[in-house]
Participant: 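This is the structure, below, for whatever I ask next.
Indexing begins at 1, ligand by ligand and atom by atom, following the structure's order.
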Amino acid sequence: MPEFQSVVVLGLGYIGLPTAAVIASRGIKVIGVVTKPEVVDTVASGAVHISEPDLDGLVQKVVATGALTTSHKPVPADVFIIAVPTPIDAESRPDLSSVMAAVDSIIDLIMPGNLVILESTSPIGTTEKIAHMIGQRRADLRIGANGKDERACVSVAYCPERVLPGRILTELVNNDRCIGGVSPSCTRLAQRFYKMFVRGACVPTTARAAELVKLTENAYRDTNIAFANELSLICERHDINVWEVIDLANRHPRVNILRPGPGVGGHCIAVDPWFIIDSAPDIARVMRVSREVNDGKTDAVFKRADELIGERPYANIACCGLAFKANVDDLRESPALKVATRLAQKYGSRLKVVEPNVRKLPPQLAQYGAELVSIEEAVKSCEVAIVLVSHDEFKMIPISERRHLEVMDTCGIWQDMPVRH
Ligand code: SAJ
């Protein structure tokens with residue numbers, strides 16, 4: 001009989017739903033748990049509430065076979081996976097309330113032999129805290145014993161998700177995973193579980209190290225993007241083309257500068273470094289400054305756009321892109337959306353917004369009279385263009401159709417014409 005026959009996935013967002021669907025596709029019974037009734041119903045009908053390539057087909061299939069079902073509350077299972085959001089609060093400190101609520105909801109259901117896995121990005125020590133919480137409330141259970149009688153204990157482990165939005169289904173299966181239990185036996189059990197659906201290596205470590213690994217990956221990327229964004233402002237000061245500088249510098253065999261943009265968005269890279277900074281504020285100086293540089297870039301982009309528009313008092317303005325990055329529909333923590341909102345506040349109906357991945361303009365833009373249009377319509381009806389996201393649809397517009405535009409291109413997609421960045 002298979003070691004793991006049923007899995008409860010707590011949270012059906014960008015990570016929980018694809019994870020639940022992939023596990024269900026291996027023939028394991030999966031129950032996706034989410035508190036929002038509309039998500040319970042949508043997924044139960046075989047549909048999806050998030051946009052991610054190929055996810056709709058997979059969910060439809062596993063729901064149709066009965067391998068994936070949904071519920072608003074957890075049920076007993078062999079494995080519990082916690083994949084709920086871990087945002088930061090107003091003081092940039094980790095908010096673990098959803099994780100703790102998820103643990104609370106399963107504590108009375110846990111049985112000897114069960115595996116509890118945390119996948120949510122979390123501060124160092126969270127997995128141990130969860131193990132402690134279960135131990136305190138369930139004196140009848142032994143947590144993570146380091147012994148032979150693995151099946152008599154409850155195992156608790158951390159296994160961070162590392163998938164890239166837009167490539168989630170591929171990366172979920174092919175990326176290496178680092179797996180840290182609160183004891184070596186917990187790590188081993190969690191490794192056996194992930195090996196059932198992960199083709200990448202399942203590398204063992206401790207829970208605390210695994211927590212920091214996840215945070216480190218995103219803090220590393222944030223710092224590298226901050227370097228690129230700082231360089232773009234230096235280039236602007238000296239009137240040098242930043243894309244050319246990066247291109248030439250990257251010809252050095254040991255240099256690989258990332259791309260500047262309007263700032264860093266999404267719910268991961270702009271958030272996770274704070275978990276490290278909060279844990280060691282006196283040491284994490286580079287990470288803090290990187291956050292400030294990346295947030296500051298969004299302000300700088302707005303000011304430059306405002307100056308450019310100020311030179312054309314009656315012109316219509318094409319605002320190209322709202323998503324947090326190219327070719328996704330996710331507007332969460334999007335620097336492009338922040339810039340567009342400030343432009344809409346100031347320029348109202350002069351603003352023609354292009355976002356090919358959404359059907360409706362967010363209310364914070366619509367309320368000022370800004371309008372959602374196609375990229376073709378925008379280049380035709382505007383004299384100024386502010387490029388905020390490097391969507392494929394924008395790259396495909398030929399120079400003959402945009403030659404008349406005064407362009408500020410924060411992403412470097414139209415380098416065949418004079419642009420400001
Ligand atoms: N960005 C730049 N310049 C670049 C690369 C990205 O400005 O050269 C910006 C993007 O436009 C976006 C932001 O950074 O606003 C983040 O985009 P991203 O594609 O770098 O990352 P995410 O947030 O989509 O996903 C990241 C990934 N982490 C790493 O690559 C280290 C992903 O693997 C993680 O699983 C995900 O965070 C997560 O969930 O933590």
Participant: When you check the gap from the basic side-chain N to the acidic O, do Glu236 and Arg304 get nearer than 4.0 Å?
Facilitator: yes
Participant: Determine, considering heavy atoms only, which of Ala228, Gly266, Gly265 sits nearest to atom 13 (C) of ligand 1.
Facilitator: Gly265
Participant: Who's the nearest protein heavy-atom neighbour of atom 33 (O) of ligand 1, and how far?
Facilitator: Arg162 O, 2.8 Å
Participant: Considering heavy atoms of the protein only, find what lies nearest to atom 27 (C) of ligand 1 and give residue, atom and distance to 0.1 Å.
Facilitator: Leu164 CD1, 3.7 Å
Participant: State whether the shortest distance between N or O atoms of Phe324 and N or O atoms of ligand 1 falls below 3.5 angstrom.
Facilitator: yes
Participant: What do we get for Ile225 next to ligand 1 when only non-hydrogen atoms under 4.0 Å count, side chain, backbone, both or neither?
Facilitator: side chain
Participant: Taking 4.0 angstrom as the limit, do Lys303 and Asp299 come out as a salt bridge?
Facilitator: no
Participant: Please determine, by modelled atom types, if Asn357 and Asp329 share a side-chain donor-acceptor pair under 3.5 angstrom.
Facilitator: no
Participant: Can you name the salt bridge (Lys or Arg N to Asp or Glu O under 4.0 Å) partners of Arg93, sequence neighbours left out?
Facilitator: Asp278
Participant: What residue and atom, counting heavy atoms only, is the protein's closest point to atom 28 (N) of ligand 1, and at what distance?
Facilitator: Asn218 OD1, 2.8 Å
Participant: Tell me, which pairs form a ring pair (Phe, Tyr, Trp, His ring centres under 6.0 Å) where one or both residues lie in residues 376-410, sequence neighbours left out?
Facilitator: His391-Phe394
Participant: Quick one: does NZ or CZ of Arg342 land under 6.0 Å from the six-membered ring centre of Phe302, within 45 degrees of the ring axis?
Facilitator: yes
Participant: Numbering the atoms of ligand 1 from 1, which are under 4.0 Å from a heavy atom of Glu217?
Facilitator: 31 (C)
Participant: Consider every N or O of Cys268 and every N or O of ligand 1, then say whether any pair is closer than 3.5 Å.
Facilitator: no
Participant: Can a salt bridge be assigned to the pair Glu3 and Arg192 using a cut-off of 4.0 Å between side-chain N and carboxylate O?
Facilitator: yes
Participant: May I ask you to identify the nearest protein heavy atom to atom 8 (O) of ligand 1, giving residue, atom name and distance to one decimal place in Å?
Facilitator: Arg259 N, 2.9 Å
Participant: Could you pull out the closest heavy-atom pair between Val242 and Ser232, with the gap in Å?
Facilitator: CG2-CA, 3.6 Å
Participant: Is it true that Asp104 and Arg137 make a salt bridge, defined as a side-chain N closer than 4.0 Å to a carboxylate O?
Facilitator: yes
Participant: How does His267 reach ligand 1, if at all, at less than 4.0 Å between non-hydrogen atoms: by side chain, backbone, both, or neither?
Facilitator: neither
Participant: Mark up the atoms of ligand 1 that fall under 4.0 Å of a heavy atom belonging to Val163, in ascending order.
Facilitator: 32 (C), 33 (O), 34 (C), 35 (O), 36 (C)
Participant: Heavy atoms only, cut-off 4.0 Å: how does Arg221 contact ligand 1, side chain, backbone, both, or neither?
Facilitator: side chain
Participant: Among protein heavy atoms, which sits nearest to atom 17 (O) of ligand 1, and what does the distance come to when rounded to 0.1 Å?
Facilitator: Lys325 CD, 3.8 Å
Participant: Looking at atom 40 (O) of ligand 1, what's its closest protein heavy atom, distance included?
Facilitator: Lys214 NZ, 2.5 Å
Participant: Taking the side chain from Ser334 and the backbone from Leu337, do they hold a donor-acceptor pair closer than 3.5 Å?
Facilitator: yes
Participant: What I want to know is whether Glu161 and ligand 1 share at least one N or O pair that is separated by under 3.5 angstrom.
Facilitator: yes
Participant: How far is atom 21 (O) of ligand 1 from its nearest protein heavy atom, and which residue and atom is that?
Facilitator: Ile269 CD1, 3.5 Å
Participant: Please identify which atoms of ligand 1 are closer than 4.0 Å to at least one heavy atom of Pro165.
Facilitator: 24 (O), 25 (O)
Participant: Salt bridge check: are Arg402 and Asp416 linked by an N-O gap of less than 4.0 Å?
Facilitator: yes
